[in-house]
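Worksheet for the structure shown next.
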Amino acid sequence: MHFKRLFIQISSHGPVRFTLAISFLLYVRSEHCQSNQMTDHCHNVEKVETSEGQAQVENGRIGQLETDNSLAVVLYREEDVLPLNKRQRSFRYCQHDINIVQNWSGLGVAAVVWDAAEVLAEYLETNPGIVKDKSVIELGAGTGLVGIVAALLGARVTITDREEVIDYLRKTVETNLPTDYLEDTDVVALDWTKDINIDKPLFDVILGADIVYIEEVFEDLLKTLIVLCRPNTVIYLSCRIRYKRDNNFLDKLEESFVVTKILYDKTKDVNLFKVIKR
């Protein structure tokens, strides 16, 4: 087994952060001890040394930290880190490698790859005719994974998100798309809460991955979908239903659209809906 060291700075709130660090160590230790995959390591990781003090981890208990300004050294394995907290994630779609640099601490939910984006990207790759040679827009793109896959499948894509994340989004798209694909790909800011100045909707397909979660903008999202749709536009919404309000949005959506659930990914707990204007 290969482990890395995680150094956690203990400041004036040292005991709290130290407890969290040791809790993580105990979690990793218990998970792998139970599966008998790291017996040797389980017997050895009993003491955590710090630069100015030490703490004992014994029988599931955490000892006292002797100083409030120390570095806790915690062993961890890269595969044990939650996907949202990874600095970079790699994917392969359409025979292309896609590398997404995540920035949870800087840009929050907009700069990580959510399960719903993976489900929608996989669905498009399996059904390329949905977007090939079509005019496509992705709403709330975040990392742009779905839009990137649509472009690789031959779509003319407009990838959108809020102004504050657009530089990150553009860099991610430009880094992952070959130059010839960039000619048919635009990255633009789009704020659902503001008026959208489009005289004539241009899009055959609208894509959205995990954009149904903030109740305060549900009405704005619905308005945006209505404005961007022409009679034959097809919308694909991929989302995890976390709260009752998410279903409330789908109910509201059905007042103006025909909503059909076409897929449920049990492993990721993600639904995929096909939406067509009434």
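The CD1 atom of Ile166 sits 9.0 Å away from the CG atom of Leu190 when rounded to the nearest 0.5 Å. To the nearest 0.5 Å, atom OG of residue Ser256 and atom CZ of residue Arg278 are 8.5 Å apart. Between the CG atom in Asp167 and the CG atom in Leu169 there is a gap of 9.5 Å [rounded to 0.5 Å]. Interatomic distance, Leu272 CG to Leu237 CG, rounded to the nearest 0.5 Å: 8.5 Å. Rounded to the nearest 0.5 Å, atoms CG (Asp191) and CG (Asp220) are 8.0 Å apart. We find the CZ-OG1 distance between Arg170 and Thr172 to be 11.0 Å, quoted to the nearest 0.5 Å.
The aromatic rings of Tyr236 and Tyr123 are tilted relative to each other, their planes meeting at an angle between 30° and 60°.
Looking at Asp204 and Ser135, their side chains never bring a donor and an acceptor atom within 3.5 Å of each other.
Phe273 places a side-chain heavy atom less than 4.5 Å from the side chain of Asn271. Side-chain contact between Cys239 and Ile211: absent, with no pair of heavy atoms (C-beta onward) separated by less than 4.5 Å. Between Ile206 and Leu225 the shortest side-chain heavy-atom distance falls below 4.5 Å. By the 4.5 Å heavy-atom criterion applied to side chains, Val146 and Glu138 are counted as neighbours. In this structure, the side chains of Tyr93 and Leu153 stay at 4.5 Å or more apart for every pair of heavy atoms. Counting heavy atoms from C-beta outward, Val234 and Val275 have side chains that stay 4.5 Å or more apart. At least one side-chain heavy atom of Thr260 sits less than 4.5 Å from a side-chain heavy atom of Val258. Val212 is not listed as a side-chain neighbour of Leu253, based on a closest heavy-atom distance of 4.5 Å or more.
With salt bridges taken as basic N to acidic carboxylate O contacts below 4.0 Å, one links Arg89 and Glu118. Ion pairing between Arg242 and Asp269 fails under the 4.0 Å rule for side-chain N and carboxylate O. By the 4.0 Å N-to-carboxylate-O rule, Lys252 lies close enough to Glu255 to be salt-bridged with it. Ion pair Asp115/Arg240 flagged as a salt bridge, since at least one NZ, NE, NH1 or NH2 atom sits closer than 4.0 Å to an Asp/Glu carboxylate oxygen.
Listed here is the closest heavy atom pair of Leu207 and Ala150: CD1-CB, 4.2 Å. Summarising the geometry of Cys229 relative to Phe257, their closest heavy-atom pair is SG-CE2, 3.8 Å, with the distance given to 0.1 Å. Residues Gly129 and Lys134 approach most closely at O-NZ, 3.5 Å, considering heavy atoms. Gly140 and Asp161 get closest at one heavy-atom pair: C-OD2, 3.3 Å. Closest approach of Arg162 to Ala110, counting heavy atoms only: NH2-CB, 3.9 Å. Looking at every heavy atom in both residues, Glu122 comes nearest to Lys268 through OE2-NZ, 4.5 Å.
No donor-acceptor pair closer than 3.5 Å links the side chain of Ser238 to the backbone N or O of Ala209. Without hydrogens or angle criteria, Thr160 side chain to Val188 main chain gives no donor-acceptor distance under 3.5 Å. Although no hydrogens or angles enter the test, the distance criterion places no donor-acceptor pair under 3.5 Å between the side chain of Tyr181 and the main chain of Ala155. Within the 3.5 Å criterion, the main-chain N or O of Lys86 finds a donor-acceptor partner in the side chain of Gln102. Asn127 places no side-chain N or O within 3.5 Å of a backbone atom of Ile130 that could act as its donor or acceptor partner. Side-chain atoms of Asp246 come within 3.5 Å of backbone N or O of Tyr243 as a donor-acceptor pair.
Both Val165 and Ile148 are members of a single hydrophobic cluster when ILVMFWY side chains are connected at heavy-atom separations under 4.5 Å. Trp114 and Ile214 fall within the same hydrophobic cluster, defined by Ile, Leu, Val, Met, Phe, Trp and Tyr side-chain heavy atoms under 4.5 Å apart, directly or through other members. Hydrophobic clustering (side-chain heavy atoms under 4.5 Å, transitive across Ile, Leu, Val, Met, Phe, Trp, Tyr) keeps Leu228 apart from Val157. At a threshold of 4.5 Å between side-chain heavy atoms, the hydrophobic network of Ile, Leu, Val, Met, Phe, Trp and Tyr places Val173 and Val136 in one connected group. Criterion: ILVMFWY side-chain heavy atoms under 4.5 Å apart, direct or through other members. Under it, Leu107 and Ile159 are part of a common hydrophobic cluster.
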Q) Can you list the steps and then say if Asn99 with Ser90 is a side chain to side chain donor-acceptor pair (under 3.5 Å)? A) CA-CA 4 Å; Asn99 298 300; Ser90 298; 2.7 Å; yes

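Other residues, nucleotides and ligands place no more than 12 heavy atoms under 6.0 Å from the NZ atom of Lys274.
Residue pairs meeting the side chain to side chain donor-acceptor pair (under 3.5 Å) criterion with at least one partner in residues 141-158, sequence neighbours excluded, do not occur; the list is empty.
Listed by chain and residue number, Phe249 satisfy the ring-ring contact (aromatic ring centres under 6.0 Å, His included) test with Phe218 (two or more places apart in sequence, or in another chain).
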